[in-house]
Amino acid sequence: MTLTTFLELAKVCEKLTKTTKTLEKTKIVSNFLSKLEKEEISPAIFLIIGTIFSETDPRTLNINWKSLEPVLKSLKQKTLFQEKLTITSVYKTFLKIAQISGKGSQRKKKDMLISLFSQVSPLEKKFLMRNIFGEMRHGVKEGVMIKAISVASGLDYSNIKRAYMINGNIGEIGKIALEDGEEGIKKVSIKLFQPIKPMLGEIVEDLNQAFNKHGKNLALEYKYDGIRVQIHKSGKIVRIFTRHLKEITSNFPEIIKKILDNIEIDDIIVEGELIAIDSNGRPLPFQDLMHRFKRIYEIKKVQQLIPVSLLLFDIIFCNGKSFLNIPYQKRWKKLSEIVKNFDLAKRIITNNIDEANIFYNNAISEGHEGVMIKALTSIYHPGERKNDWLKLKSEIRLDIVIIAADWGSGRRHKWLSNYHLAVIDEKEEFQVIGKTFKGLTDQEFENITEELLKLKINDNQYTV
DNA sequence: TCTGTCTGCCCC
DNA sequence: ATTCTGC
DNA sequence: GCAGAATGGGCAGACAGA
């Protein structure tokens, strides 16, 4: 057995930066994957896409530029006998670094980084750094990687994709595909406490567009401005996961209790939106909810300050049975039977556009974000943005002024691409309301940069 | 030990 | 989250 | 139509200095 060097992986990454063509990237990666030893497949996949850990994994590297910079500067003294780094040895080092925490952790991490970096060539160094920062800049992430796994294993692309959306661990999926083949991939199924990627909705401009896309048999649900959550329950254990499969169970103890008190079924996965509410039950802005998110201290105190409410809208799994292939209307029926004392998202079923408009306007006037429009017969497609679900949000128009601008980064480094915005209040003074960087083409950035530089009164290298 | 600062990570 | 580009 | 890149605000955790 010959282990593959990290240098070979770095060369593959370098090769990927030389082409913009997806097919070529797919071929480069799949050829590389095919040559790997079994134990290298998963680490290689993570090192190529630059994430180290799967989405469900709570671990992180936690390395600052502050601690990496001195490491890179101290690299002059090259060790004479260089050991060849392998994919697995690099990966193991990253795992060790992720384990270090607490006082003095930065020091320990620095030492490990120094010994890691002192063994590498410039090319390896380049991609080790990109791995640490999670930005590979070679155009291969999950999407292209799934294609590469499909080509390398000779298995159907849609089966691999489905398995990934259900399992969430792309390294594991690659290993299963290449080792166990079709049989292994088909066996990948929903498991309790292993969150799946949630189904997503397409944006529509208005209800006419939604009705044109769907024809008939529509359900409209309130779209709440909060955190999308997937809740897994088995017996007395309840865990909450976000849209990106991160666990936030400990932040919302009252929700756990409510689930235990109101859902009797032992094994179940349901989905809903978690929102902050005031004492009258009216929705609070998303920012208020953020005070409870990822909090470790004073959870009880903030729980009193910012109450939350959970509105359920889907069921994915119940008593050992997957509900992914059950049509929307039947899923809703099951959900409403099981969670009798629980709030479901407010909903109507209608073919009448006037009725739909009234429903939408009610959602907005009650302080919500808009509505979701769902096809009654549609099944649940994990992780996919399909026409089966549409979202309609309200928009507000404002007259605003650009009062400052930041230089962009990456592809936008030559432009002022991040604008500080203000409205003019009744005293004719600027009231800063926020920043934006969105909604413009390259040519528009070019023009605006030119215009703004003509008007500039101050420039500190970052902000004009 | 307390406080300010920096930065990664997570949501929208 | 949104919006852009390149394929 | 898909995939990747770029972008902001709030929190915890770590360090440096008082």
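Each chain gets a letter, A, B and so on, in the order the sequences are listed, and its residues count up from 1. FYI, side chains are in, hydrogens and waters are out, and symmetry mates aren't considered; it's all heavy atoms of this structure.
- Closest to the side chain of F286(A), out of dC12(B), dC7(C), dA5(D), is dC12(B).
- When the P atom is compared between dA6(D) and dC12(B), the two are found 22 Å apart, to the nearest whole Å.
- When distances are taken from the side chain of K161(A) to each of dC11(D), dA3(D), dG4(D), the shortest belongs to dA3(D).
- Set against dT2(C), dC10(B), dC7(C), the side chain of I203(A) has dT2(C) as its closest nucleotide.
- Straight-line distance from the CZ atom of R130(A) to the P atom of dA5(D): 10 Å, rounded to whole Å.
- The nucleotide whose nearest atom lies closest to any side-chain atom of Q287(A) is, among dG6(C), dG10(D), dC12(B), dG10(D).
- L113(A) pairs with exactly one of T93(A), L68(A), L61(A) by the side chain to side chain contact (heavy atoms under 4.5 Å, CB included) rule, that one being L68(A).
- A cation-pi arrangement is not found for K125(A) relative to F117(A), the charged atom failing to lie both closer than 6.0 Å to the ring centre and inside a 45° cone about the ring normal.
- In terms of the side chain to side chain donor-acceptor pair (under 3.5 Å) criterion, T377(A) has no residue partners (sequence neighbours excluded).
- Other residues, nucleotides and ligands place more than 12 heavy atoms under 6.0 Å from the NZ atom of K126(A).
- Residue F241(A) is classed as having no contact, given no heavy-atom separation below 4.0 Å to the nucleic acid.
- Residues forming a salt bridge (Lys or Arg N to Asp or Glu O under 4.0 Å) with K27(A) (at least two apart in sequence, or on another chain): none.
- Among the nucleotides dT2(C), dC12(B), dG8(B), the one closest to the side chain of R228(A) is dC12(B).
- Spacing between atom CD1 of I299(A) and atom P of dC11(D) amounts to 13 Å, rounded to whole angstrom units.
- Nucleic acid contact for I248(A): none, since no nucleic acid atom lies under 4.0 Å from a heavy atom of the residue.
- Between dG10(D) and H291(A), no contact under 4.0 Å exists linking OP1 or OP2 to a side-chain N or O.
- E384(A) places its CD atom 11 Å from the C1' atom of dC2(D), with the value rounded to the nearest Å.
- Among the atoms of the strands shown, only primed sugar atoms or phosphate atoms (P, OP1, OP2) are found under 4.0 Å from some heavy atom of K391(A).
- Nucleic acid contact for L289(A): none, since no nucleic acid atom lies under 4.0 Å from a heavy atom of the residue.
- Among the nucleotides dC10(B), dA6(D), dT2(C), the one closest to any side-chain atom of K246(A) is dC10(B).
- No engagement by L23(A) is indicated, since no non-hydrogen atom pair under 4.0 Å with the nucleic acid exists.
- Residue T22(A) has its side chain nearest to dC7(C) when only dT2(C), dC12(B), dC7(C) are considered.
- Note that CZ of F342(A) and CG of L311(A) are 9.5 Å apart. Values are rounded to the nearest 0.5 Å.
- With sequence neighbours excluded, the residues satisfying side chain to side chain donor-acceptor pair (under 3.5 Å) with Y164(A) are E55(A), K197(A).
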Output one line per pair: protein atom, nucleotide atom from nucleotides 12-14 of chain D, and distance, for all N/O pairs under 3.5 Å.
from    : atom 1 : to      : atom 2 : distance (Å)
dG13(D) : OP2    : Y297(A) : OH     : 2.7
dA14(D) : OP1    : G102(A) : N      : 2.8

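- In this pair, F359(A) and Y222(A) present their aromatic rings tilted. The plane angle is within the 30 to 60° band.
- Checking dC9(B), dC7(C), dA3(D) against every side-chain atom of T60(A), the shortest atom distance belongs to dC9(B).
- Residues meeting the side chain to side chain donor-acceptor pair (under 3.5 Å) test with S158(A), sequence neighbours left out: D156(A).
- Protein atom NZ of K213(A) is 7 Å distant from nucleotide atom P of dG1(D), rounded to whole Å.
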Got a list of protein N/O to nucleotides 16-18 of chain D N/O distances below 3.5 Å?
none

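- Counting any heavy atom pair closer than 4.0 Å across all strands shown, G226(A) reaches sugar-phosphate atoms only and no base atom.
- The CD atom of Q119(A) sits 4.5 Å away from atom CG of L85(A), with the distance rounded to the nearest 0.5 Å.
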